[in-house]
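Working notes, beginning with the structure itself.
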Amino acid sequence: REWSAPSTAEPAASRVLMPIARQPGLKFNVTQEIELTAAYDSRTLVALDTPALFARATTIGLKGVLPTTLVHVPGDQVYASLDGVQVAYTATSVDVRGSDRAEPTAQTLEVPALDPRVRSLTTELVGTATSNLEKATRLERELTRRYGYTLELPGDVDDPLADFLFVRKAGHCEDFATALAVMLRLEGIPSRVTTGFVGGQRVGNRYHVRAGDAHAWTEAFIDGAWRRFDATPEDGRSASPPRWLAALTEQYEALEEWWRKRVLDYSFQDQFQFVRGLVRPPRGAVRDEAAEVRDEPLTPPRWAPGAAGVAGAIAVAVALTRRRRAHRASSFLAAIEARLTAAGVDPREAPLEELAQRLALRGHELSAPLARATRRYLEARFGDRPMGADERRELLAGLERRPAPRPG
């Protein structure tokens with residue numbers, strides 16, 4: 001009914017060196033700075049395949065930016081020990097397929113109580129294959145060919161695997177990964193289910209990975225290394241849009257990110273630096289290159305005029321996939337600011353995340369309700385997690401409290 005790791009968590013540490021990093025002869029090929037936004041709603045770290053080192057983790061919460069230790073559960077996950085609105089860290093990966101040669105544990109051959117038809121179907125799909133690689137490849141191909149992809153879940157059933165294979169004959173990535181892993185174990189091939197993300201989209205110098213890119217696949221230990229097999233049909237492996245829409249979305253999101261960082265999240269310090277840059281320095285003064293570097297991002301990107309010119313067309317195209325979140329999230333933000341103003345708090349004092357932290361330091365009663373509302377706004381606006389009308393009313397109700405009257 002579910003997959004779990006038999007390992008126990010290791011002591012928290014400032015960095016986590018994965019087992020693969022201890023194998024001789026490997027080079028750390030890729031290092032990335034990764035941010036898990038509020039919409040991710042998890043402390044589990046992710047990295048490019050194959051992760052080797054996690055370090056320099058920080059969380060952003062009501063107390064500001066704080067360093068956080070990391071906890072490693074072997075065979076399962078690495079997660080930040082502190083909770084926060086956002087988690088940032090450095091991840092170093094080994095970009096070598098088939099490089100993981102860790103010996104399989106006994107659990108990777110365990111088989112639960114199964115419907116007897118599963119074993120019969122496995123024998124049928126394997127056919128005349130003899131080598132483990134040939135068996136795995138044939139099982140992967142036949143599952144992909146014979147079963148369809150759907151996100152319509154069956155609800156609570158007694159045997160999810162049998163329901164997928166013999167009743168619905170259609171499922172999502174976890175169904176395919178589970179079926180393949182179990183069938184491999186029935187053939188005596190160690191296997192495990194791995195979860196992560198497939199896809200993503202490049203915007204400027206960043207990659208945006210969304211909930212729709214979440215995926216599960218199977219890994220099998222064959223010829224001395226863990227190899228990846230993915231039985232999920234191609235159209236179910238990522239939520240990536242058609243190429244033409246992806247191109248429009250890239251321009252739209254780049255413009256949107258610039259607007260959010262330079263306008264919506266434009267802090268008092270940003271304003272100070274901008275005004276400072278407008279003041280003409282005395283003749284002969286030495287140039288402050290550091291200040292110029294700080295001020296430079298305030299200049300709109302070169303493509304902004306062109307992007308603005310076609311923003312209408314882009315917005316229409318992107319609205320095909322965002323219809324539920326943009327308008328409602330924007331109105332929710334306006335409602336938050338209105339409630340703050342009515343409660344005697346100036347929403348223009350700082351970006352909402354920072355404002356919640358400032359209120360917490362002052363012991364203000366609205367700090368916690370504002371933090372919750374801000375988190376849900378970010379999830380709805382940037383994480384494709386729209387909120388219902390009841391939740392919206394409840395969050396706004398928490399911001400309707402009035403400060404206590406002053407004496408006299």
For [X] and [Y], work out which heavy atoms get closest and say how close.
| X | Y | result |
| --- | --- | --- |
| Ala177 | Val193 | O-CG2, 3.8 Å |
| Ile20 | Ala52 | CG2-CA, 4.1 Å |
| Ala179 | Leu165 | CB-CD2, 4.1 Å |
| Arg168 | Glu152 | NH1-O, 3.7 Å |
| Ala47 | Ile34 | CA-CD1, 4.0 Å |
| Leu396 | Ala335 | CD1-CB, 3.7 Å |

Can you list the steps and then say if Leu355 with Val345 is a side chain to side chain contact (heavy atoms under 4.5 Å, CB included)?
-> CA-CA 9 Å; Leu355 180 58; Val345 177; 4.1 Å; yes
List the steps and the verdict of side chain to side chain contact (heavy atoms under 4.5 Å, CB included) for Val85 and Thr374.
-> CA-CA 9 Å; Val85 175; Thr374 301; over 6 Å; no
Geometric class of the Phe164/Tyr147 ring pair [parallel <30°, tilted 30-60°, perpendicular >60°] =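 Geometry flag for Phe164 against Tyr147: tilted rings.
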Relative to the ring of Tyr40, is the ring of Phe197 parallel (under 30°), tilted (30 to 60°) or perpendicular (over 60°)?
->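 Ring orientation, 0 to 90° scale: tilted.
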Working to the nearest 0.5 Å, report the span between [atom1] of [X] and [atom2] of [Y].
| X | Y | atom1 | atom2 | result |
| --- | --- | --- | --- | --- |
| Gln77 | Thr195 | CD | OG1 | 9.0 Å |
| Asp76 | Thr44 | CG | OG1 | 8.0 Å |
| Glu35 | Thr58 | CD | OG1 | 8.5 Å |
| Asp230 | Thr144 | CG | OG1 | 7.0 Å |
| Arg372 | Glu394 | CZ | CD | 8.0 Å |
| Ile189 | Thr218 | CD1 | OG1 | 11.5 Å |

Return yes if a side-chain donor-acceptor contact under 3.5 Å exists between [X] and [Y], otherwise no.
| X | Y | value |
| --- | --- | --- |
| Glu33 | Thr90 | yes |
| Thr69 | Ser81 | yes |
| Thr108 | Arg192 | no |

Salt-bridge test for Glu187 and Arg138: reply yes if a basic N is under 4.0 Å from a carboxylate O, no otherwise.
->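 The answer is no: the pair does not qualify as a salt bridge.
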So Arg43 and Asp83, side chain to side chain contact (heavy atoms under 4.5 Å, CB included) or not? Walk me through it.
-> CA-CA 7 Å; Arg43 287 181 288 166; Asp83 196 7; 4.0 Å; yes
Cationic tip of Arg117 within the cone over Phe166's six-membered ring, i.e. under 6.0 Å and within 45° of the normal?
->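 Output yes; distance and angle both within limits.
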Are the side chain of Arg185 and the backbone of Ser191 linked by a donor-acceptor contact shorter than 3.5 Å?
->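 A pair under 3.5 Å: yes.
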Side chain Thr123, main chain Arg119, donor-acceptor under 3.5 Å |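 Flag set: sc Thr123 to bb Arg119 pair under 3.5 Å.
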